[in-house]
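Presented below is the structure to which this report refers.
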Amino acid sequence: MSQLTEETWVADIVKEVPKTSDLFRKLRIDFCCGGKISLREAAASRGLHAGELLARVHEVEENQAQHKQMQPSSLEPKELIAYIQKEYHTKLCEELAALTPYITKLTRVHGERYSHLKRVNELYNLLKQKLTIHIQFKESLLFPLIQAFFQDSAFERVDALHFHLSELQEEHQAVVDILQELRLITNGFEPLQEACGTHRLVLKRLEDLEADIYNHILLENCTLVERTRQAQLHS
């Protein structure tokens, strides 16, 4: 846990815990151009109790830390699927929705000055579209198929399961290709020296999103898919 206090600048809190930007946005606390004030001052400006606001910041911080520390690779397939749905699918959909207005605003305000931001916006929307369809595919088809395979000793849809597991990995590669281009055109998500707070926030959250997606893909490819294929070989 970091040492955030009521005296920490709002901008520094968002830099340390990017997801707090959603909290501040809901409370109409400026964390961008007006972020160089203490959390205490920001709370007072909105008629809020500083201690209660700090507690909410720590809650966001703790949730972020817990998510990074979980080690689900030892879970059984049914529990692993539930874990993926809760810790990745749900949170990924939430983050994609929450990040969209920031990227839209950044492109609208600074797209003419930094032409690569238009491509960032295009890639992000493509990534969002692919991930939404990808999650629907897993939730409605692949995951029920995997669960049926492990529960039914007389499972007959082996060929369909094999095909959809390969389809999953092909879709993963398509997502990785988008992430690689995003990293390339943003110079490794590194902001320019003159970049505003929103610009820096978008790049930081894109980098965090990239890390979560890679962990998500790794868990599915190297644990869920491999475990299913090994079970197929011995069935």
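All values below were derived from every heavy atom in this structure, side-chain atoms included, with hydrogens, water molecules and symmetry-related copies excluded.
Ring geometry for H110 against H199 counts as parallel: the plane angle stays under 30°, on a 0 to 90° scale with 60° as the upper cut. In this pair, Y114 and H116 present their aromatic rings perpendicular. The plane angle is above 60°, beyond the 30 to 60° band.
In this structure a side-chain-to-backbone donor-acceptor pair under 3.5 Å is missing from Y214 to L209. Judged by distance alone, the side chain of N121 and the main-chain N or O of L117 form no donor-acceptor pair under 3.5 Å. Distance alone, capped at 3.5 Å, is enough to place a donor-acceptor pair between the N215 side chain and the A211 backbone. Between the side chain of S45 and the main chain of A42, a donor-acceptor pair closer than 3.5 Å is present.
For E61 and H58, the side-chain atoms include at least one donor-acceptor pair closer than 3.5 Å. Remark: the Q232 side chain and the H162 side chain contain no N/O donor-acceptor pair separated by less than 3.5 Å. In summary, the side chains of H216 and E220 do present a donor paired with an acceptor at a separation below 3.5 Å, with no hydrogens or angles considered. A donor and an acceptor atom, one from each side chain of S166 and Q169, are nowhere located under 3.5 Å apart. With no hydrogens or angles considered, a side-chain donor-acceptor pair links D177 and Q173 at under 3.5 Å.
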Under the side-chain contact (heavy atoms from CB on, under 4.5 Å) criterion, do F155 and R157 qualify, and how do the steps go?
-> CA-CA 6 Å; F155 183 79; R157 300 185 63 193; 3.6 Å; yes

Before giving the answer on side-chain contact (heavy atoms from CB on, under 4.5 Å), spell out for Y124 and T100 the whole-Å C-alpha distance, their side-chain angles and the decisive distance to 0.1 Å.
-> CA-CA 8 Å; Y124 178 77; T100 296; 3.5 Å; yes

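Around atom CZ of R227, more than 12 heavy atoms belonging to other residues, nucleotides or ligands sit under 6.0 Å away.
Using a 4.0 Å cut-off between a side-chain N of Lys or Arg and a carboxylate O of Asp or Glu, D22 and R205 qualify as a salt bridge. With salt bridges taken as basic N to acidic carboxylate O contacts below 4.0 Å, one links E210 and R183. A salt bridge links K91 to E87: at least one charged side-chain nitrogen sits closer than 4.0 Å to a carboxylate oxygen.
Each of T20, I13, D12 was scored for a side-chain contact (heavy atoms from CB on, under 4.5 Å) with L4, with one residue passing: I13. Under the ring pair (Phe, Tyr, Trp, His ring centres under 6.0 Å) rule, F143 has a single partner from H89, H134, H164, which is H89.
The ring pair (Phe, Tyr, Trp, His ring centres under 6.0 Å) analysis of residues 4-28, with sequence neighbours excluded, yields no pairs.
To the nearest 0.5 Å, atoms CG (L179) and CG (L127) are separated by 5.5 Å.
Within the 4.5 Å cutoff, the side chain of V176 has heavy atoms near those of the Q180 side chain. When side chains are defined from C-beta on, T107 does not count as touching Y102, because their heavy atoms never get closer than 4.5 Å. Side-chain atoms of L145 and L161, non-hydrogen and from C-beta on, do get closer than 4.5 Å to each other. For the pair L27 and L53, the minimum side-chain heavy-atom distance is below 4.5 Å. Between V109 and T198, every side-chain heavy-atom pair lies at or beyond the 4.5 Å cut-off. Using a 4.5 Å heavy-atom cutoff, the side chains of E167 and F137 are in contact. Residues R46 and R28 have side chains in contact (heavy-atom distance under 4.5 Å, counting atoms from C-beta outward).
Hydrophobic clustering, with ILVMFWY side chains joined whenever heavy atoms are under 4.5 angstrom apart, keeps L218 apart from I84. Hydrophobic clustering of Ile, Leu, Val, Met, Phe, Trp and Tyr side chains at less than 4.5 Å, counting indirect connections, keeps F163 apart from L141.
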